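First up is the structure itself, then whatever we jot down about it.
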Amino acid sequence: MIENNQGDNRPKKSIIYYYFIILVAVMLLNALFFPSVMEARVKEVGYSDFITMVDENKVTEVVMDSTKQELVFSATDEDGKTTYYKTGAFPDEGLMQRLTDHNVKYSSETVKQNSSLLSVILTWLLPIFIFIGIGQLISKMMMKKMGGGPAMTFGKANAKIYAETETGVTFDDVAGEEESKDALTEIVDFLHNPDKYAQIGAKLPKGALLVGPPGTGKTLLAKAVAGEAKVPFFSISGSEFVEMFVGMGAAKVRDLFKQANEKAPCIVFIDEIDTIGKKRDSGNGMGGNDEREQTLNQLLTEMDGFDGRKGVVILAATNRPESLDPALLRPGRFDRRIPVELPDLNGREAILKVHARDVKMDSNIDFGAIARATSGASGAELANIVNEAALRAVRMGRNVVKQEDLEESVETVIAGYQRKNAVLSPYEKKVVAYHEIGHALVAAKQSNSAPVTKITIIPRTSGALGYTMQVEEGEKYLMSKEEAQNKIATLTGGRSAEELIFNTITTGASNDIEQATKLARAMITRYGMSREFDMVALETVNNQYLGGDTSLACSAETSSLIDKEVVATVKAGHEKAISILRENIDKLHELASYLLEKETITGEEFMEILNK
Ligand code: ADP
Ligand code: MG
Ligand code: ZN
């Protein structure tokens, strides 16, 4: 149920298709009305041949064109076909008599005059109209391609701005995100009665910036503010400002604010503002950012220029706030920052319920269980999970969504579709089973690790051949050093089992290795969990919301010391895992063969065998 804000879903026929139609139409009209074509079909004959044809009773009609000094006549040949001829006029006294004798109709140019007036219209005016039509069609198509307005006018941009009178979205549609909603209610109140604020002389912030990872409902919140306040909602995406022509983006900004001022009170929403609001210092030499810079400058000017008391509130959304130009964040511009974070346990449950409203659900659905299994999922992903569950119910021929549909779609959305037809050799399958039980066993035998809820060796399209799902019982915000060490041991548990049982190692642990290394590194460089470096920050996070890339902030010597420390940390975890598995090798065998048989086992089944 992810809605499509900008997409144009109508099927687009290619320009070539239109060109073809136009070409055919023009050719047809030409053939019908262009005299030159018509004349090409008129055969020219000598006067004496004309007389012969008259005598042979072939000629049916003659038209005399006195201006051109020629005769146009039609004649029927043996097989009854009519052909048009023309011949030069000849001073022939006896012609009229001859024509009357042979029963030939004759007239002088009157008929032709009429038809030539018509043909003037058809040959001159019609093509002009057609070409104007074609021109407009093409320009319309081009504007559509560029995401522009209905008409192509240079210099003045007609921004595609939606003045929706009612967005129809309210705060009830946004689940969780209570803090963000609280911060926005003041804006709603302000839009409801701007006079109340004006009387005291209070100025509300002109703009608020919604900041958070993708899919957390920023766009939805902005719409909900407009919906709650019942004011028009002007929405434009940052990328729509970036135009082909320099100056168009700035013109769009001007246009947008002009429209908004006329409709005040209202909300102007600029989605993905980072596309135009990037820091301006990054000179990349080519000067290709002129357009973006102009647009940004225009936006800043407009924001400074308009009267905040009129009731125009500007909301913007971004998932990379650190890349924004500081000028945008100055007081009087987007000085209010509203974090929109990934939902917590309760938030996830609430979001699932909001989206389940539109879907026929079984009466005893346990949303809490689904919420617990989806830690880290965004609102958009949760919406997708509900939709996938509904699709699965339809595939299964049911008319209500059941718990198992939701469970299955959690895996679909989070881990990729089940790869039913992937064939593993029995040996490989055995390796995978031991690997997964290795993870689970190491996790279970350490205190402070999240309980195992599911182990499966059914491959996913994401590439995983199996996985062990651990779900925290509640939300966790802090991780202790011991927990981090345990987690590293658990991550190395898969490989450790392979080593113990098969006395060999496979490529299967690559993801585990990556995760373990990342965590070990973060413990040392960011969390101050090593004795060597104490509480010194050795790395800084560049982008909190997108992947969290880090950059090193230390000397080369320190860097190599860090590497040594990372290796030592991972190694310690690995050794711990091996010794845990060695102590429990009977359980390892028992559980692995059980998993091999069942392919998927639940946390309870696992614990039951373990504690037997
Ligand atoms: P963003 O703009 O932050 O990337 P969107 O607002 O476009 O995210 O969210 C995409 C979709 O995800 C929404 O249309 C909605 O269906 C769903 N969604 C996201 N967050 C929530 C939420 N808190 N409550 C309900 N639905 C949500
Ligand atoms: Mg969005
Ligand atoms: Zn693994």
Side-chain angles (χ1 to χ4, degrees), residues 1-7 167-181 209-225 235-239 269-275 315-320 338-344 346-359 377-387 413 431-443 455-457 463-470 488-498 505-516 545-546 577:
M1 294 217 331
I2 297 189
E3 75 191 303
N4 186 354
N5 295 336
Q6 273 110 37
T167 59
V169 181
T170 64
F171 279 155
D172 285 342
D173 298 310
V174 190
E177 308 298 352
E178 297 305 329
E179 285 158 54
S180 330
K181 281 195 255 178
L209 189 63
L210 299 163
V211 175
T216 45
K218 298 182 292 296
T219 309
L220 195 65
L221 268 169
K223 280 188 189 161
V225 172
S235 150
I236 190 162
S237 169
S239 56
F269 178 56
I270 305 173
D271 211 349
E272 287 154 47
I273 194 169
D274 41 281
T275 11
L315 296 177
T318 180
N319 44 33
R320 40 175 85 221
I338 299 173
V340 187
E341 299 291 351
L342 286 173
D344 58 9
N346 292 333
R348 288 199 300 275
E349 188 171 341
I351 293 172
L352 285 168
K353 281 181 178 159
V354 161
H355 289 278
R357 284 190 313 207
D358 314 329
V359 178
S378 69
E381 279 164 331
L382 292 167
N384 198 12
I385 284 172
V386 174
N387 192 45
V413 172
V431 173
V432 176
Y434 273 96
H435 179 109
E436 296 307 329
I437 295 294
H439 284 305
L441 209 50
V442 172
I455 310 167
T456 172
I457 52 170
L465 297 174
Y467 72 83
T468 303
M469 200 148 91
Q470 281 175 275
I488 291 173
T490 303
L491 283 166
T492 57
R495 159 68 65 85
S496 304
E498 290 180 44
I505 53 180
T506 67
T507 54
S510 60
N511 185 40
D512 301 334
I513 291 170
E514 200 180 312
Q515 283 190 49
Y545 292 119
L546 296 172

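Numbering of ligands and ligand atoms starts at 1, following listing order. These figures come from a predicted structure and were not determined experimentally.
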Short N or O distance, E177 and ligand 1, threshold 3.5 Å exclusive: no

Contact partition for L220 relative to ligand 1, non-hydrogen atoms under 4.0 Å: both

Sub-4.0 Å heavy-atom approach of G215 to ligand 1: yes

Beyond-backbone contact of I385 with H355, side-chain heavy atoms, under 4.5 angstrom: no

Point-to-point distance, once rounded to the nearest 0.5 Å, from OG1 of T490 to CD of Q515: 11.0 Å

Any K223 heavy atom less than 4.0 Å to ligand 1: no

Side-chain heavy atoms of R495 within contact of D512, under 4.5 Å: no

Any D173 heavy atom less than 4.0 Å to ligand 1: yes

N/O/S atom name from H435 that is nearest to the position of the Zn ion (ligand 3): NE2

Spatial distance of atom OG (S239) from atom CG (D274) [nearest 0.5 Å]: 10.0 Å

Numbered atoms of ligand 1 (with element) below 4.0 Å of H355, judged on heavy atoms: 15 (C), 16 (O), 17 (C), 25 (C), 26 (N), 27 (C)

Contact flag D512/the Zn ion (ligand 3), N/O/S atoms, threshold under 2.8 Å: yes

Note, V211 side chain near P339 side chain (heavy atom, < 4.5 Å): no

Under 3.5 Å: N/O of D271 near N/O of ligand 1: no

Where ligand 1 meets V174 - atom numbers and elements under 4.0 angstrom, heavy-atom basis: 23 (N), 24 (N)

Those atoms of ligand 1 less than 4.0 Å from some heavy atom in G217: 1 (P), 3 (O), 5 (P), 6 (O), 8 (O), 9 (O), 19 (C), 20 (N)

From CZ (R320) to CD (E272), nearest 0.5 Å: 10.0 Å

For P214, the ligand 1 atoms whose distance to one of its heavy atoms is below 4.0 Å: 4 (O)

Proximal ligand 1 atoms for A175, defined as those under 4.0 Å from one of its heavy atoms: 22 (C), 23 (N), 24 (N), 25 (C)

Heavy-atom side-chain contact between Y467 and I457 under 4.5 Å: no

pair V442-S496: side-chain heavy atoms closer than 4.5 Å: no

Test salt bridge (Lys or Arg N to Asp or Glu O under 4.0 Å) applied to R357 and D173, step by step: CA-CA 10 Å; R357 284 190 313 207; D173 298 310; 2.8 Å; yes

